[in-house]
Amino acid sequence: MKTNLLLLLSFFLIISCKDSTSEKEKEKKITNSEDYNNFLAIQKARSTSPYFELWNSKITSDSVELPSFTAVAGQYNMFFESTGDIAYLKKAEQALEKAVEVANLDKEKYYRSLSRNYISQHRFKEALVYADSAAELSKNIPATQHLLFDVHMELGNYSKADSIKKLFADPEDFNYIIRASKWNDYKGKLDMTIMFMERAKEKAEASKNRGQLLWVYSNIADYYGHDGRIKDSYEHYLKTLEIDSSNAYAKKGIAWIAFSKDNNSAEAERILDSVLTGHVSPDYYLLKAEIAEFENDKKAKKTAMASFWELANNPAYGNMYNTYKIEALVEDPATKKEALALAEKEISNRATPETYQLLALANLVNGNKEKALEIINAHVVDKTFEPTALLTMAKIYKANMMPDMVKDLKNELIEASYEMGPVKLKEIHAL
């Protein structure tokens, strides 16, 4: 009888421990489908509006009515954000080019708009031409200074960007605050970056400006993720969706949390598939491919990569997906030379530490380990603190027999395991 009682007590103890463990596992999970299921319902992507139809009807082959061009371009930008369809961004470009052509008064406004369109297309050198044209007409206007700062940061002209930033420095101005945040991110000062972003969030919430709120919530979610504050990141992606239920960027952010933090590939796939019913961008398929690789599903990875290349090879994208292409090309020995050629092309487009690390990686996989080391020492070390660049540096140090350097970077990269994801984490452990 005593033996049976002891067995019974042991059984209940085991069950109790299992329940306790299960509860702890639930507590560790960040994502909860009940939080965002309503946002995943299939929604028809916005590709027209009464406002667009009104202004578009005013444009004829010989039209010179500026408000029509700018209004239509603005609507095309919205359609691009909603659908991911590059055709809308190109149509916005055409409308703005026409506006620049016919404008006589306030021409700098149209220069700025066209420059921003080119930034979206990663045509940074062309963007600088129009930003400089705007500056010739309105050198001291803050909007032009903001634009010049943004273009020079994209081009890697950091000293120039810093000197421009000082011209519009105002700790109470939203536009200055978000650029101060971007500057500190470039300098690798994550605490300062988040401090400025939180200040920008306060400003946006006080003004109830929808555009500012969307931008701040989605971007601060990224920075919280970099800082390991995954729950805060998740909550701000949800805040983004509360304002814009179709926001694909926020949904992709939640999918990453499900995949990288919660180890829930199926849920990440479900979220991505819901996004792709109405918003199609090449990089979403890369995430699907990464999930498939983690799950060792070669067929699914092949399918996802085929979808990526089908989209990314659309000539309308131009340079927009060069970095993603290079990262994909270096993985396959059959395309390593193509990767090197594209990396050299991207350097001519914008010479930043991030593009140089891709050039170094492409050289490494092509057997040029000494040249790869020269590139990172000259253009990457202490110039970027992005984990992807640090991983490239570690691979190059390993190839050049520098174990102490590898060890230091490996420890740093393990701390960034959430940001890198489980697939890259395997590479890090193998260093």
Charged N to carboxylate O under 4.0 angstrom, [X] versus [Y]?
{"X": "Glu427", "Y": "Lys395", "answer": "yes"}
{"X": "Arg270", "Y": "Glu267", "answer": "yes"}
{"X": "Arg112", "Y": "Glu108", "answer": "no"}
{"X": "Arg123", "Y": "Glu93", "answer": "yes"}
{"X": "Asp283", "Y": "Lys252", "answer": "yes"}
{"X": "Glu235", "Y": "Lys239", "answer": "no"}
{"X": "Asp162", "Y": "Lys166", "answer": "yes"}
{"X": "Glu295", "Y": "Lys301", "answer": "no"}
{"X": "Lys28", "Y": "Asp262", "answer": "no"}

Heavy-atom side-chain contact between [X] and [Y] under 4.5 Å:
{"X": "Tyr284", "Y": "Val275", "value": "yes"}
{"X": "Tyr237", "Y": "Tyr36", "value": "no"}
{"X": "Glu172", "Y": "Ile177", "value": "no"}
{"X": "Leu89", "Y": "Tyr76", "value": "no"}
{"X": "Phe168", "Y": "Asn175", "value": "no"}
{"X": "Met153", "Y": "Thr352", "value": "no"}
{"X": "Tyr130", "Y": "Tyr118", "value": "yes"}
{"X": "Lys160", "Y": "Ser163", "value": "yes"}

Mark yes when over 12 heavy atoms from residues, nucleotides or ligands other than Met195 sit less than 6.0 Å from its CE; otherwise mark no.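 Above 12, so yes.
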Counting distance only, does the side-chain N/O of [X] pair as donor-acceptor with the main-chain N or O of [Y] below 3.5 Å?
{"X": "Lys107", "Y": "Val100", "result": "yes"}
{"X": "Ser82", "Y": "Met78", "result": "no"}
{"X": "Asn247", "Y": "Ala250", "result": "yes"}
{"X": "Tyr234", "Y": "Asn32", "result": "yes"}
{"X": "Thr355", "Y": "Arg350", "result": "yes"}

If only side-chain N and O atoms count, and only distance matters, is there a donor-acceptor pair under 3.5 Å linking [Y] with [X]?
{"X": "Asn319", "Y": "Asn322", "answer": "yes"}
{"X": "Lys410", "Y": "His429", "answer": "no"}
{"X": "Thr144", "Y": "His146", "answer": "no"}
{"X": "Asp244", "Y": "Ser246", "answer": "yes"}
{"X": "Lys201", "Y": "Gln212", "answer": "no"}
{"X": "Glu415", "Y": "Asn411", "answer": "no"}

Here the gap from Glu354 atom CD to Leu358 atom CG, rounded to the nearest 0.5 Å, amounts to 9.0 Å
OG of Ser307 to OH of Tyr285: how many Å apart, nearest 0.5 Å? 5.0 Å
Please test Asp150 against Arg116 for salt bridge (Lys or Arg N to Asp or Glu O under 4.0 Å), starting from the C-alpha separation and ending with a verdict. CA-CA 9 Å; Asp150 295 342; Arg116 291 217 172 274; 3.1 Å; yes
In terms of ring plane angle, is the pair Tyr324 and Tyr321 parallel, tilted or perpendicular, where the classes change at 30° and 60°? tilted
Over 60° means perpendicular and under 30° means parallel, so tell me whether Trp183 and Phe149 are parallel, tilted or perpendicular.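 Judged by the thresholds at 30° and 60°, the geometry between Trp183 and Phe149 is tilted.
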Go through it in stages, so that I can follow the logic: the residues are Tyr158 and His152, the test is ring-ring contact (aromatic ring centres under 6.0 Å, His included), and I'd like the CA-CA distance, side-chain angles, deciding distance and then a yes or no. CA-CA 7 Å; Tyr158 301 117; His152 283 294; over 10 Å; no
Pick from Leu238, Ile30, Leu40, Asp35: which one makes a side-chain contact (heavy atoms from CB on, under 4.5 Å) with Ile254?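 Of the listed options, the one satisfying the test is Leu238.
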Please step through salt bridge (Lys or Arg N to Asp or Glu O under 4.0 Å) for the pair Glu290 and Lys426, ending with a clear verdict. CA-CA 12 Å; Glu290 189 172 347; Lys426 289 181 182 179; over 6 Å; no
Full working for ring-ring contact (aromatic ring centres under 6.0 Å, His included) between Tyr88 and Phe79: CA-CA 6 Å; Tyr88 290 118; Phe79 302 155; 5.7 Å; yes
Pairs flagged by ring pair (Phe, Tyr, Trp, His ring centres under 6.0 Å) wherever residues 357-413 is involved - sequence neighbours left out: Tyr356-His379
